[in-house]
Amino acid sequence: MTAQAQTGAATTPARADATAGQDGYPRRWAMLPVILIAMFMAGFDIWAVNVAAPSLQRDLHVSDAALQLIVGGYAFMYASGMVTGGRLGDLFGYKRLFLIGVVTFALASLACGVAPTAGALVVFRLVQGLTGAVMVPQVVALITATFPARERSKALGFYGATMGLGFVSGQILGGGLIQANIFGLGWRAIFLVNVPVGVIALIVAAVVVPAARSQRRPRLDPLGAVGVSGGLALALVPLTLGRDEGWPVWTWVSLALALPVLAATLAWERRLTRNGGEPLLNLALFRDRAFSAGLLLNFAALFFFGSFMFVLTLLLQSGLGLSPLHAGIVNLPLALTFIAMTLLGPKVAARLGSRSITLGAVFAVVGALVLALTAAHYGGQLTGWETAPGTALIGIGQGLMVPSLMSAVLSHVRPEQAGAAAGVLTTTQQFSIASGVAVIGAVFYEVIGGAPTKASFVTGLTVVAWVDVAVLIIAAALTFLLPRGQGSASVVRHAVE
């Protein structure tokens, strides 16, 4: 879930109305930290819930399948509403939708924090993901609308740094909040902390955020949004729940219906295009090999990373018995190398072009290989710190790949299609995280069995790491289908302008 990727879903291709001419909105720098709080909250809650996963299993007796829904369901709903959220901002104004998003996200976080049962928490997490899809697209739309071109890259740099901070904070601060057990709240604190933050953001945003909006009024495609989300849900839900439920008939029926529903949705999108509508998916984009290969590359990279973080957290806490804070500290090599290479990644990409993604994939492959061999070597004697060399290499690899993933997809896209293409990209990325948690999570739980031991958890990590090696090799191979050029800055710029 990258900063560059998130920008793509900020708006439809419509150009945001410049609120203060060539010089930009006068209070834009006061506005920026306020709207970035939204980005931080959304990112924090993805990674903090990973750290909280074992605590949820102990306190709410959350089943393995429900845990996958709590972690992956958020990303799924986030992806489902992202493009529509951006278009709603174009229609009704970015400030209005941002404020609505902040309020509803805070309320959904409150509901998660007081959830009495595992089932209630699953539902509230799905709602939280949907409210994030209303809130987050307005952030880059507001940056685009209020910052002049000469300052926009700097503002988006702070946007990227906020995403990185959310990642590190989710792992470390999330673990610290749970460990501190403030007022006896335990894991509930990672959700409830969003409430006061949301209230402050709402009050300040009402004053400093301008009423910017798009120059045009795009049309919505609710049938396309429901079709894509429904088709993917028909595949992911049975994969998530099937093992716990004993693979009843409904799971196989659901899997069988997934492809026909997606095919019918694509037929609707083609019809809407022919009739001059604005489909959720612009199918003409897929004729470009670089775009299609880039989407597959993004899917593979984030399918791996989302599922890897889920499994690693379960190993460290449920398998090795580490506290949430201790588990977060063990993850520091991964977090710090990820952040460091994210900052250096654009410079590497400027020199190597798309081959910087190849280099990152190679580092990640080596890291997953080291992790698999380490887990196989130590077995039940693994303490956690032995994973540091492998996870650090994975952090380097992901950090190198992340800055260039968006430009890889947009390299040959025409400027007028950049907004639509970037929206498809962001949706793909979020769906890939949800898919990774569902599919690789199912593999992991199958390996560790119904009465897991420390040794079986390590065996589960070993198996998953080898699967990750295969996925990352595919990702590395896909990079050779990308254009060799040194990036597509102009295309990326059009995606956010």
Side-chain angles (χ1 to χ4, degrees), residues 1-2 5-6 8-9 42-50 52-53 56 62-85 108 112 121-133 136 167 170 225-244 251 254-255 258-259 261-262 265 280-281 295-314 398 405 423-445 464 467-468 471 475:
M1 202 170 46
T2 71
Q6 295 279 3
F44 175 85
D45 266 26
I46 291 176
W47 303 110
V49 170
N50 269 319
L56 293 171
V62 174
S63 68
D64 296 341
L67 184 60
Q68 289 172 271
L69 290 173
I70 289 168
V71 176
Y74 175 90
F76 180 86
M77 296 303 290
Y78 192 40
S80 299
M82 187 68 74
V83 173
T84 301
C112 289
L121 183 56
V122 169
V123 172
F124 294 146
R125 275 288 281 176
L126 296 177
V127 173
Q128 189 187 37
L130 200 57
T131 61
V136 171
F167 168 73
V226 171
V228 171
S229 303
L232 291 170
L234 285 169
L236 294 180
V237 170
L239 287 173
T240 301
L241 302 180
R243 189 184 69 88
D244 274 9
T251 60
S254 181
L255 286 168
L259 282 179
V261 169
L262 288 172
T265 303
L280 184 77
L281 301 175
L295 276 186
L296 290 174
L297 171 61
N298 273 268
F299 185 90
L302 291 171
F303 178 95
F304 153 71
F305 197 56
S307 60
F308 168 73
M309 293 305 302
F310 178 69
V311 168
L312 183 62
T313 300
L314 290 176
Q398 289 293 109
L405 285 176
V424 173
L425 166 63
T426 304
T427 302
T428 299
Q429 289 185 318
Q430 297 303 320
F431 275 133
S432 68
I433 294 173
S435 301
V437 171
V439 176
I440 302 301
V443 171
F444 178 73
Y445 283 124
V464 167
V467 174
D468 289 339
V471 171

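Just so we're clear, the structure is a prediction, and the values are computed from it rather than from any experiment.
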### Task
Please examine the side chains of Phe310 and Leu67, heavy atoms only from C-beta on, and report whether any two atoms are closer than 4.5 Å.
yes
### Query
Would a 4.5 Å heavy-atom cut-off, applied to side chains only, mark Ile440 and Phe308 as touching?
no
### Query
When rounded to the nearest 0.5 angstrom, what distance separates OG1 in Thr428 from CG in Leu295?
4.5 Å
### Smallest separation among heavy atoms of Ile433 and Gly306, with atom names
CG2-CA, 4.2 Å
### Query
Mind checking whether Thr251 and Leu241 have side chains closer than 4.5 Å, heavy atoms only?
no
### Task
Heavy atoms only: give me the nearest Ala475-Leu297 pair and the separation to one decimal.
O-CD1, 3.3 Å
### Query
Closest approach of Leu121 and Cys112, non-hydrogen atoms and distance?
CD1-O, 3.6 Å
#### Entry: Which atom of Val471 lies closest to which atom of Ala300, heavy atoms considered
CG1-O, 3.6 Å
### Query
Do you know the tightest heavy-atom contact between Ala53 and Leu314?
CB-CD2, 4.2 Å
### Message
Given 3.5 Å as the limit, does a donor-acceptor pair link the side chain of Thr131 with the main chain of Gln128, or not?
### Response
yes
### Task
Report the C-alpha separation of Leu232 and Phe431 in whole Å, then their side-chain angles, then the decisive distance to 0.1 Å, and conclude whether the side chain to side chain contact (heavy atoms under 4.5 Å, CB included) test is met.
CA-CA 8 Å; Leu232 291 170; Phe431 275 133; 3.5 Å; yes
### Query
Hey, does the side chain of Ser307 reach the backbone of Phe304 with a donor-acceptor pair shorter than 3.5 angstrom?
yes
### Smallest separation among heavy atoms of Ala133 and Tyr78, with atom names
CB-O, 3.4 Å
### Task
Supply the atom-to-atom distance Leu236 CG to Ser254 OG, rounded to the nearest 0.5 angstrom.
9.5 Å
### Message
Just verifying a value: how many Å separate Phe76 CZ and Leu69 CG, rounded to the nearest 0.5 Å?
### Response
10.5 Å
